[in-house]
Peer 1: 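My questions will all concern the structure given below.
Just so it is clear, the structure is predicted and the values come from calculations on it, not from any experiment. Lettering of chains follows the sequences in order, A, B, ..., and the numbering in each one begins at 1. Worth knowing before you read on, the calculation uses all heavy atoms, side chains too, and leaves out hydrogens, waters and symmetry mates.
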There are 2 protein chains.
Amino acid sequence: MTKTLIADRPYHHGDLRRTIVQAALSILGETQSLEFSLRELARRAGVSHNAPYKHFADKRELLAAVSAAGFEMLTKRMARKSDGVIGAREQLTAMLCAYIDHGVENPALYGLMFGGYLGGPDYSRPAIELAAAEKTRSLLAGAIIAGGLGQPITQTARNERRIAGAILACWSLVHGLTMLLADGLVGPKEKAGALASRLVLGMLDRLSVEMLVLPRGAWVGPKVLRSK
Amino acid sequence: MTKTLIADRPYHHGDLRRTIVQAALSILGETQSLEFSLRELARRAGVSHNAPYKHFADKRELLAAVSAAGFEMLTKRMARKSDGVIGAREQLTAMLCAYIDHGVENPALYGLMFGGYLGGPDYSRPAIELAAAEKTRSLLAGAIIAGGLGQPITQTARNERRIAGAILACWSLVHGLTMLLADGLVGPKEKAGALASRLVLGMLDRLSVEMLVLPRGAWVGPKVLRSK
DNA sequence: CCAAAAAAGTTGTCGCTGTCAACATCAGCG
DNA sequence: CGCTGATGTTGACAGCGACAACTTTTTTGG
């Protein structure tokens, strides 16, 4: 018997790569745990335990793709939330709150994106992830350059370290709050939105572009793309 | 043959629990990766692959003990660094910088402590870890109450949410910066100290006790100890 | 003081995992 | 057509976390 009449999927799946990543996102959302197996994803996708290896060299690469998908979701969410908003300051606020929301609603995914599951002792994250993370960083940078901290900044070489410092201050605060909320060390989750907007507003009231100029040679953001 | 002459360790190890945790800390420091096996720790300790189960119910409990050890190291380091310092503000600064240093020097351990490897979907972290984390929190709280943000705060019920808000602002910033540095998303590591002190100083200059009052019902810190 | 119980360590086993190798199927192109 | 490469499958292997049964030592109560 080569074919049954109904529901006989073809030998080739068609879009297994996306399906696998999607399955990983589902399982992450359901269990909120990073401890799932590559084989389980294959089962969910209805393929053999080795099929994923035709699309990912190893599990690490698979996780990197999931993380990259997380960054894309994050970037889209930030862009969407700040889209209708007018005023650079308000746009930045909206972005930062969207960032926190994303982390709080997807704690396991956020942990995968930032928790150091990827990138071994050499700090080298897979390229696909770096590219996705860089998009997020540049979106944030745009909002700051546009004047999110009170005044627009011309993007000169002289101002580069100033901009990076501003990004660092914003990102550190928001990243820290997000992780604490996602981890349950600060809560409750129902109040996450209120906590986030209070903290972000309070911060932005005080932050200025001049607050922190990065030391020479310091960077902010995924590394590979800088080494051009 | 019941005994050989040399180096014949007794049937009972004597302090296997500590040895195992110590082995985990070593391997964490060497590989900077969370992917080690319980069996490898047993091998390092020179015992059979099942011996650790006499001291830890499962791997999770073992990891919790390692995480707790990390919190103890952190608390001690913060206390030591702020010990000789005079001035509440300077003490708080020293503590926060020590916190960041601890994370940057032990990124994998810091990831274990905060990365959500422990505590499944129910947010329940093992008790041993919560107790250790609470010590860290209360040390930070002490420095803030003593006037780290400009003025001492009397520890009344009315001020509780004020204090918690101040802790949250400090902790979020420092936690975020630490993770970004540990992850390699901000760097380089050699500049970590400079980055940390600049950011912390800049922040403390602007932070005030009044900046953030926590919403009613919100908490900051490990959860179990609050539910008394 | 010594047996009995408890604590601590060992061996053997189980199912599951990530990964590799070899084979099967199919799509696209000459 | 038939070939080739991409994609999916089957089978195998070592290593893992966990459990059960057994052994050795320490502790303890009469």
Side-chain angles (χ1 to χ4, degrees), chain A residues 1-5 7-24 26-28 30-31 33-67 108 112 117-121 126, chain B residues 1-4 7-24 27-28 30-31 33-67 108 112 117-121 126:
Chain A
M1 179 202 325
T2 55
K3 281 220 174 203
T4 56
L5 285 180
D8 191 24
R9 74 162 172 78
Y11 189 86
H12 283 42
H13 181 285
D15 197 2
L16 185 53
R17 186 187 165 97
R18 190 195 319 276
T19 304
I20 292 281
V21 171
Q22 219 48 40
S26 300
I27 216 172
L28 231 52
E30 288 168 26
T31 68
S33 159
L34 280 300
E35 287 169 18
F36 59 85
S37 68
L38 187 149
R39 283 164 111 107
E40 169 145 15
L41 301 185
R43 280 188 293 264
R44 289 209 175 199
V47 294
S48 81
H49 67 267
N50 254 346
Y53 280 93
K54 301 296 167 177
H55 301 269
F56 306 97
D58 52 18
K59 192 179 182 184
R60 191 180 128 93
E61 205 170 291
L62 194 168
L63 292 177
V66 177
S67 171
L112 176 62
Y117 294 80
L118 310 161
Chain B
M1 181 198 328
T2 56
K3 282 221 175 203
T4 56
D8 192 24
R9 73 164 172 74
Y11 190 86
H12 283 77
H13 180 285
D15 197 2
L16 184 55
R17 187 187 164 94
R18 189 195 317 276
T19 304
I20 292 281
V21 171
Q22 218 49 40
I27 216 172
L28 231 52
E30 288 168 24
T31 68
S33 158
L34 280 301
E35 287 169 18
F36 58 86
S37 69
L38 188 148
R39 285 165 110 107
E40 170 145 15
L41 301 185
R43 279 188 293 264
R44 289 208 175 199
V47 293
S48 79
H49 66 266
N50 252 349
Y53 281 94
K54 301 295 167 178
H55 301 271
F56 306 97
D58 52 18
K59 191 179 181 183
R60 192 180 125 95
E61 205 170 290
L62 194 168
L63 292 177
V66 176
S67 171
L112 177 62
Y117 294 78
L118 311 161

Peer 1: Under a 4.5 Å cut-off applied to non-hydrogen side-chain atoms, are B:K54 and B:L16 in contact?
Peer 2: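 Contact flag for B:K54/B:L16 side chains = no.
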
Peer 1: Figure out the CG/P separation between B:L34 and D:dC16, and round it to whole Å.
Peer 2: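 The answer, rounded to whole Å, is 16 Å.
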
Peer 1: Nearest of D:dT9, C:dT19, C:dG9 to any side-chain atom of A:K59?
Peer 2: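 Of D:dT9, C:dT19, C:dG9, C:dT19 is nearest to the side chain of A:K59.
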
Peer 1: OP1, OP2 of D:dG17 versus side-chain N and O of B:Y53: anything below 4.0 Å?
Peer 2: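 Indeed not, no polar side-chain atom of B:Y53 lies that close.
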
Peer 1: Over how many whole Å does the gap from B:F36 atom CZ to C:dG18 atom P extend?
Peer 2: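 The answer, rounded to whole Å, is 18 Å.
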
Peer 1: Among A:I20, A:T19, A:V21, which residue satisfies the side-chain contact (heavy atoms from CB on, under 4.5 Å) criterion with A:P52?
Peer 2: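 It is A:I20, the one option of A:I20, A:T19, A:V21 that forms the side-chain contact (heavy atoms from CB on, under 4.5 Å) with A:P52.
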
Peer 1: For A:S37 versus A:K59, what's the shortest heavy-atom pair and its separation?
Peer 2: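 Closest approach of A:S37 to A:K59: CA-NZ, 4.2 Å.
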
Peer 1: What's the closest nucleotide to the A:H55 side chain, out of D:dA18, D:dA12, D:dT7?
Peer 2: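 So the nucleotide nearest the side chain must be D:dT7.
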
Peer 1: Hey, does the side-chain of A:H49 have a donor or acceptor N/O within less than 3.5 Å of a partner on the base of D:dG11?
Peer 2: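 Present.
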
Peer 1: Rounded to whole Å, how long is the line connecting atom CG of A:L41 with atom P of C:dT17?
Peer 2: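 So the CG-P distance, A:L41 to C:dT17, works out to 10 Å.
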
Peer 1: In this structure, how many angstroms lie between the P atom of C:dG9 and the CZ atom of B:F56, rounded?
Peer 2: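 Going from B:F56 (CZ) to C:dG9 (P), I get 11 Å.
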
Peer 1: OP1, OP2 of C:dG15 versus side-chain N and O of A:R39: anything below 4.0 Å?
Peer 2: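 Looking at the OP1 and OP2 atoms of C:dG15, neither is under 4.0 Å from any side-chain N or O of A:R39.
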
Peer 1: From CZ of B:R43 over to P of D:dC16, roughly how many Å is that when rounded to an integer?
Peer 2: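 Going from CZ in B:R43 over to P in D:dC16 covers 5 Å.
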
Peer 1: Should the side chain of A:R17 and the base of D:dT7 be counted as holding a donor-acceptor pair, with the cut-off at 3.5 Å?
Peer 2: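 Answer is no: no donor-acceptor pair is held.
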
Peer 1: Indicate the atoms forming the closest heavy-atom contact of B:R17 with B:H55, along with that distance.
Peer 2: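 Residues B:R17 and B:H55, closest heavy atoms: NH1-O, 3.2 Å.
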
Peer 1: If you compare every side-chain N and O of B:S37 against the phosphate oxygens of D:dC16 (OP1, OP2), does one of them come in below 4.0 Å?
Peer 2: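 Checking B:S37 against D:dC16: at least one side-chain N or O falls below 4.0 Å of OP1 or OP2.
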
Peer 1: In this structure, how many angstroms lie between the C1' atom of D:dA18 and the NZ atom of B:K54, rounded?
Peer 2: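 Atom-to-atom, B:K54 to D:dA18, this comes out as 12 Å.
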
Peer 1: Between atom CG in B:L38 and atom C1' in D:dC16, what is the gap in whole Å?
Peer 2: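 Atom-to-atom, B:L38 to D:dC16, this comes out as 9 Å.
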
Peer 1: Show the nearest heavy-atom pair for residues A:D58 and A:Y53, with the distance to one decimal.
Peer 2: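 A:D58 and A:Y53 have their closest heavy atoms at CA-CE2, 4.2 Å.
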
Peer 1: Starting from P on D:dC16, measure out to CD on B:E40 and report it in whole angstrom.
Peer 2: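 Checked: the CD to P distance equals 7 Å.
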
